[in-house]
Amino acid sequence: MEVFADAWQWLVDPQNYVGEGSLLQRSLEHVGYTLWVMAVGSAIAIPLGFYIGHTGRGRGWTVGITGAARALPTFGLFLYLVLVIGVERREIAAVIALVLLAIPPLLAGAYSGVDQIDRRVLDAARAQGMTGWQLLFRVELPLALPLVVGGIRNAVLQVVATVTLIAYVGLGGLGYDIIQGIPLRRFDQMIGSAFAIVVIALLLDAVFAALTRIVTPEGVRRAGGEDIRARENSRR
Amino acid sequence: MGWVLDNLGLIGELTLTHMGLSLIPVILGALLSIPLGWLAHRYPPARGSILSVVGIFYTIPSLALFVLLPPLFGFSILSELNVIVALVIYAIAIMVRSVSDAFSSIDPGALRAATALGYGPWQRFFHVELPLAGPVLLAGLRVVSVSTVSLVTVGVLVGVKSLGYFFTDGFQRRIESEILTGIVMTLVVALIFDLALLALGRAVMPWSLLAAKRLNQEVS
């Protein structure tokens, strides 16, 4: 148990908050990579998911690929990409590997968000004279949003966890002190960093949990028909 | 290709090790999450707290867990037990909610009918509830199995050998085909586990073939 006391000492040591490789810098790097990956991943997967949900095209392979992608070991893929792309461009390898990790949950959220909308609602909107774009932005998007954000939440969770591993090739993030500490048996910095990652992961998850509630349209909330969180989780 | 042919023995050995390391968490995770999920389903006041505790565990990154567990449980960080315990925790975190949903999705009429026919609580659980929840349980178990097989590879960072060894070793020696072998074999192991679970489901629940297919599509 005293290792936890050491880890706490390490966490509160003012030395770890200044200069190169400080805890603060590592945390910012960690969150920075996560946000980058989420931005790229969302730009690819959310429109694609909407398209699939809207048209129903490619539904079969979407389900197949998102299932199979879960088995892909991101750490191995990352190291492979580093060798192929080149060590000097390892940031790009990291972003590609992590984007591939983020796409399946994002795609599933966007696709199922549109897919679960009651067809009668869409028919009613069309009957009121809405154009295709109006339908997309004023009916489908708001109704799909809770599940889309749920997908983002799942993706963030996995990306935050996996950014830890990119330190293996000397990139930053909070994994740095863990991976560097293992051969040195520096349990204080390993456990301290692990603790910091857990805190960041929990904070980000709480933010997206709150966001899921906020984006649930008033009408859906009042109808109270479904527990969005339960739906989103059963998809994991 | 040359590397693969020269190292067939090692590939076979690590594949088997990897299967062993994945099998225990999948089995233990299933055995532990069924009673936990059932409790969450049966006692609504407990549901919230069980599911949120489990949700927090799901949030903890694997490498962090590999580092945090040894001092808590008193085993070496290099121990295989470390990876196994961490993965059991993840298996429970993923599965408890689907177990609870599986039991909640059973038609209460079927349960009342069983009680009316004179089934005791245990009998009812094993002969009515468990079989009816089976297809959803299987779908949850397949998710657990796939993610466990993939997560075992991370254990190599704390020194637990698995197919993940090919990632770090291949990277240090700059052998692309070695890393690729690790990736492909991990996918193969995941596929074998998935097929085994499907076969198991078909054997114990022959009636639910169609239902399982449908649910699996929904889950993924």
Side-chain angles (χ1 to χ4, degrees), chain A residues 1-4 7 59-60 62-68 70-80 82-84 87 104 108 112 157-158 160-165 168-169 174-175 178-179 181-183 185 187 190-191 193-198 201-202 204-205 209 229-230 233-236, chain B residues 51 55-56 58-68 70-72 77 94 97-98 100-101 104 136 139-140 142-143 145-147 149-154 156-159 163-164 166-168 170-171 174-176 179-180 182-184 186-191 193-194 216-220:
Chain A
M1 283 301 141
E2 70 189 274
V3 286
F4 286 109
R59 208 182 291 189
T62 313
V63 173
I65 286 186
T66 49
R70 239 193 293 257
L72 199 66
T74 308
F75 182 49
L77 183 69
F78 166 55
L79 293 184
Y80 180 72
V82 172
L83 284 193
V84 172
V87 178
S112 56
L157 205 66
Q158 296 188 29
V160 166
T162 314
V163 167
T164 317
L165 306 180
Y168 186 76
V169 299
L174 282 162
I178 296 187
I179 289 174
I182 292 170
R185 313 249 120 213
F187 283 99
M190 284 155 66
I191 293 171
S193 301
F195 189 71
I197 298 172
V198 173
L202 285 176
L204 281 174
D205 194 52
R229 206 181 131 75
N233 271 287
S234 68
R235 273 162 218 280
R236 277 185 182 162
Chain B
L51 292 184
I56 289 174
Y58 187 73
T59 318
I60 301 177
S62 50
L63 187 60
L65 203 55
F66 292 154
V67 170
L68 290 171
L72 276 178
I77 190 169
I94 296 172
R97 184 178 285 272
S98 57
S100 158
D101 290 345
S104 301
V136 185
R142 289 176 66 192
V143 175
S145 129
V146 165
S147 78
V149 169
S150 171
L151 274 175
V152 166
T153 58
V154 179
V156 72
L157 283 175
V158 292
L163 286 169
F166 292 137
F167 302 162
T168 51
F171 180 74
R174 308 195 159 270
I175 307 174
E176 286 170 19
I179 302 184
L180 216 50
I183 296 176
V184 171
T186 308
L187 292 175
V188 168
V189 171
L191 186 68
F193 272 45
D194 200 50
N216 177 51
Q217 271 179 357
E218 243 171 66
V219 164
S220 39

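None of these values were measured; they are calculated from a predicted model. Below, chains carry the letters A, B, ... as their sequence lines are ordered, and counting in each starts from 1.
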Engaged part of [X] at the chain B interface, taking heavy atoms whose separation is under 4.5 Å:
X	value
A:Val84	both
A:Phe78	neither
A:Ile182	side chain
A:Ile191	both

What part of [X] gets closer than 4.5 Å to chain A, counting heavy atoms only: side chain, backbone, both or neither?
X	answer
B:Leu163	neither
B:Val149	neither
B:Thr168	both
B:Ala64	both
B:Val189	neither

Problem set entry | Expected output: side-chain B:Ser150 to main-chain B:Ser147 donor-acceptor under 3.5 Å |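 No, B:Ser150 side chain to B:Ser147 backbone: no donor-acceptor pair under 3.5 Å.
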Exercise. Counting distance only, does the side-chain N/O of A:Ser193 pair as donor-acceptor with the main-chain N or O of A:Met190 below 3.5 Å?
Worked result: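 Not a single qualifying donor-acceptor pair exists.
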For this session: Apply side-chain contact (heavy atoms from CB on, under 4.5 Å) to A:Phe195 and list each qualifying residue two or more places apart in sequence or on a separate chain.
Result: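 A:Phe195 satisfies side-chain contact (heavy atoms from CB on, under 4.5 Å) with A:Leu11, A:Val199 once adjacent residues are dropped.
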For this session: Go through the structure and list residues passing side-chain contact (heavy atoms from CB on, under 4.5 Å) with A:Leu83, not counting sequence neighbours.
Result: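 side-chain contact (heavy atoms from CB on, under 4.5 Å) list for A:Leu83, sorted by chain: B:Phe171, B:Arg174, B:Glu176, B:Ile179.
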Exercise. Would you say the ring centroid of A:Phe75 lies under 6.0 angstrom from that of A:Tyr168?
Worked result: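 That pair passes the under 6.0 Å test.
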Exercise. What residue, out of A:Leu174, A:Ile179, A:Val198, has the most heavy-atom pairs lying under 4.5 Å from chain B?
Worked result: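 Looking at each option in turn, the highest pair count goes to A:Val198.
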Exercise. What option among A:Val163, A:Leu202, A:Leu204 has the most heavy-atom pairs under 4.5 Å with chain B?
Worked result: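 Most heavy-atom pairs under 4.5 Å with chain B: A:Leu202.
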Problem set entry | Choice from B:Leu180, B:Ile60, B:Val158, B:Ile56 maximising heavy atom contacts with chain A below 4.5 Å |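 Between B:Leu180, B:Ile60, B:Val158, B:Ile56, the count favours B:Leu180.
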Heavy-atom side-chain proximity of [X] to [Y] below 4.5 angstrom:
X	Y	result
B:Phe193	B:Val146	no
B:Phe167	B:Thr186	yes
B:Phe66	B:Leu157	no

